[in-house]
Amino acid sequence: MPAVVTRFAPSPTGYLHIGGARTALFSYLYARRHEGRYLLRIEDTDRERSTEDAVRAIFEGLDWLGLVSDAEPVFQTQRYDRYREVIDGMLEAGTAYHCYCSKEELEQMRAGQMARKEKPRYDGRWRPEPGKLLPERPAGVQPVVRFKNPVAGEVVVDDLIKGAIVFQNEELDDLIIARGDGNPTYNFCVVVDDMDMGITHVVRGDDHVNNTPRQINILKALGAEPPAYAHVPMILGADGVKLSKRHGAVSVIEYRALGFLPEALLNYLVRLGWSHGDQELFSRDEMIRMFDISRVQKAPARFDMEKAVWVNHQYLKSADPLHVAPELDWHLRRIGVDPAGGPALAAVVEAQRERCKTLVEMAEKSKFFYAELDGYNEKDAAKHLNAEGRALLAELAARLEALPQWNAPALQEAVHAFAEGKGLGLGKVAQPIRVAVAGMAISPPIDQTLFLLGRERTLARLAAAVARNNP
RNA sequence: GCUCCUAUCGUCUAGAGGCCUAGGACGGAGCCCUCUCAAGGCUUAAACCCGGGUUCGAAUCCCGGUAGGAGCGCCA
């Protein structure tokens, strides 16, 4: 049994949120760092909102990021028998009891308390106490089961990130652990699952801190040792407001479409709320080796797309081109370009990576290697494919055509010699070529561009540019 | 309203009482380099929420404000 077992426990009511991804990452890193296990649990007890599509989307996101579970994922809906068994045991032991309050009754209770400026809570009217007379059971009401929370004393959550947090038991009411239809509720399932799965460290969003003392109390009632907790703060949008759809990309999988490399997104995420001195870039091994959960920030952080893109660029620039190639392939096809028959993708990655911060950008700028030009950028053409430029291209084309070898050094030499012979700067020659072959004034160095594009395509495009009528 | 949490450049952060004239990174501005776009190099502007303590000394410790956030469901 490893000393550390963590879990990521999303509820499948939507896509994998970027904040959830970071929580999963921290959970994963903590487990790896301590040579423990990282597990996945799908919290699908909300039958109304949970969908199979969402389950798939979550797996897809986790897969893409490489945060896969060390064991088969646990689905809560498959554990109902177990939950019922535990509830029956608690009923028998007297740590839980039936409550016959109707929803309307509870709503009234809450409204009254709010009006009196009290914290809304269950008043314990069905809570059995020695010598207390319980109300008469109303007919036809399916009772819920409530946990009998201690009335006195305090619960200390020794949070790995936030430090000790103290709650008074008198602040806590008797929460429902089973609904009228007998189905268990979230706070209860979590407790039973964490116990059964042998979770030693619960790493989760800090929107759960207020649930923690109740969960600890239930665990204690069950005679189990509570795990350690680490509540990670949420991720905010650039405007400091909770991240939501109106901020653009919140779903992890959208970041793939935006042109991110998964390892780059992970790197950005790990630095959002955590740091190791001044280091910005971490390989996965470094993350695992250096991750220290006690150094996670206590305050929420804002998602900064500019910096995320910068990190992505760093990865694009240094990654193995062979590793990036399939991603570029994916993006090219996404914009309707079939890379078959063109230059090797890895070679294009190498030529383009410096000037492309995202794969979307790389695909856009590399399209011309694989597809026929769909016209020229007008401004660039007007500037460089004028009469003067076309005359230059006509002459140069002949020289290139006569080249015995079509490789970068030969092309470089030919273009240089041509410019020199004309008494022109290289720019005067390279720019018209660029616009002619790439359709725009942006491309890798001219020798590489022509080499990658190939002899046939280059000469055809030069000819087309020369034949172009003056606008 | 009640409970709990948080607070360093615009953003992510370093800072564990003297090493702070508060460091790094993104972004911004400027310069250099240059066949385009970039990349790279250099320079630069920019922050300790406020008020009290404790201390010889506080960004750091304590208290109080203020501001933000989370939770208060037969949701998770």
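This is a predicted model, so every value here is computed, not measured. Below, chains carry the letters A, B, ... as their sequence lines are ordered, and counting in each starts from 1. When reading the values below, keep in mind they use all heavy atoms of this one structure, side chains included, and skip hydrogens, waters and symmetry mates.
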Nucleotide opposite [N] in a Watson-Crick or G-U pair, distances under 3.5 Å:
| N | result |
| --- | --- |
| B:U3 | B:A70 |
| B:G10 | B:C26 |
| B:U54 | none |
| B:A46 | none |
| B:G40 | B:C32 |

* Asked: Going by number, which of residues 350-360 of chain A have a non-hydrogen atom under 4.0 Å from RNA chain B?
  -> A:E354, A:R355, A:K357
* Between residues 300-315 of chain A and RNA chain B, which residues have a heavy-atom gap below 4.0 Å? -> A:A301, A:R302, A:D304, A:E306, A:K307, A:W310, A:H313
Strictly under 3.5 Å: I want the nitrogen or oxygen pairs between protein and nucleotides 71-74 of chain B, one per line.
from  : atom 1 : to     : atom 2 : distance (Å)
B:G71 : O4'    : A:N210 : ND2    : 3.4
B:C72 : O2'    : A:P120 : O      : 2.7
B:G73 : OP2    : A:R110 : NH1    : 3.1
B:C74 : O3'    : A:R179 : NE     : 3.4
B:C74 : O2     : A:G180 : N      : 2.9
B:C74 : N4     : A:C101 : O      : 3.3

On a whole-Å scale, what distance lies between the [atom1] atoms belonging to [N] and [M]?
| N | M | atom1 | answer |
| --- | --- | --- | --- |
| B:G68 | B:U36 | C1' | 47 Å |
| B:G15 | B:G23 | C1' | 9 Å |
| B:G18 | B:G65 | C1' | 29 Å |
| B:A59 | B:U8 | C1' | 7 Å |
| B:C20 | B:C12 | P | 24 Å |
| B:C2 | B:G10 | P | 33 Å |
| B:C31 | B:A70 | P | 44 Å |
| B:U11 | B:A46 | P | 16 Å |

Have a look at [X] and say if it touches a base, only the backbone sugar-phosphate, or nothing, with a 4.0 Å heavy-atom cut-off.
| X | value |
| --- | --- |
| A:L272 | sugar-phosphate |
| A:V166 | sugar-phosphate |
| A:M234 | sugar-phosphate |
| A:G205 | nothing |
| A:Q279 | nothing |
| A:S275 | sugar-phosphate |
| A:P444 | base |

On the nucleotide [N], are OP1 or OP2 found under 4.0 Å from the side-chain N or O atoms that [X] carries?
| X | N | answer |
| --- | --- | --- |
| A:K317 | B:G40 | yes |
| A:R295 | B:G15 | yes |
| A:T45 | B:A76 | yes |
| A:Q76 | B:A76 | no |

Whole Å only: how far is the [atom1] atom of [X] from the [atom2] atom of [N]?
| X | N | atom1 | atom2 | answer |
| --- | --- | --- | --- | --- |
| A:Q297 | B:U11 | CD | P | 13 Å |
| A:L236 | B:U13 | CG | P | 11 Å |
| A:D206 | B:A7 | CG | P | 12 Å |
| A:N169 | B:C2 | CG | P | 21 Å |
| A:N377 | B:U36 | CG | P | 17 Å |
| A:N183 | B:A76 | CG | C1' | 14 Å |
| A:E280 | B:A14 | CD | P | 11 Å |
| A:K162 | B:A70 | NZ | P | 12 Å |

Are [X] and [Y] ion-paired here, with the side-chain N under 4.0 Å from a carboxylate O?
| X | Y | result |
| --- | --- | --- |
| A:D380 | A:K383 | no |
| A:E395 | A:R399 | no |
| A:R284 | A:E263 | no |
| A:K148 | A:D174 | no |
| A:R295 | A:D292 | no |
| A:R110 | A:E107 | no |
| A:K103 | A:E105 | no |
| A:D193 | A:R7 | no |

* If you count the non-hydrogen atoms of other residues, nucleotides and ligands that lie under 6.0 Å from CD in A:Q168, is the total more than 12? -> yes
* To do: May I ask you to check whether over 12 heavy atoms, not counting those of A:R84, lie within 6.0 Å of atom CZ?
  => yes
* **Flag, side chain of A:T449 to backbone of A:P444, donor-acceptor distance under 3.5 Å** => yes
* Measure from the side-chain N and O atoms of A:Y370 to the backbone N and O of A:P343, and report whether any donor-acceptor pair falls under 3.5 Å. => yes
* Given the rule in the salt bridge (charged side-chain N to carboxylate O under 4.0 Å, His left out) test, do A:R146 and A:D173 qualify, once you have shown the distances and angles that lead to the verdict? -> CA-CA 9 Å; A:R146 284 184 186 271; A:D173 62 356; 5.4 Å; no
Between [options], which one does the side chain of [X] approach most closely?
| X | options | answer |
| --- | --- | --- |
| A:D278 | B:G24, B:C37, B:C35 | B:G24 |
| A:A441 | B:A76, B:A14, B:U36 | B:U36 |
| A:R434 | B:A14, B:A76, B:C35 | B:C35 |
| A:A299 | B:C35, B:A39, B:U6 | B:U6 |
| A:D447 | B:C35, B:C12, B:U13 | B:C35 |

* Structure fact -> Heavy-atom nearest nucleotide on RNA chain B taken for A:P12 and for A:I446; more 5' hit belongs to A:I446
* To do: Can you spot which of A:L272, A:V311, A:L261 makes a side-chain contact (heavy atoms from CB on, under 4.5 Å) with A:N267?
  => A:V311
* Donor-acceptor side-chain pairing of A:R204 and A:T212 below 3.5 angstrom -> yes
* Asked: Between A:N169 and A:N217, does any side-chain donor sit less than 3.5 Å from a side-chain acceptor?
  -> yes
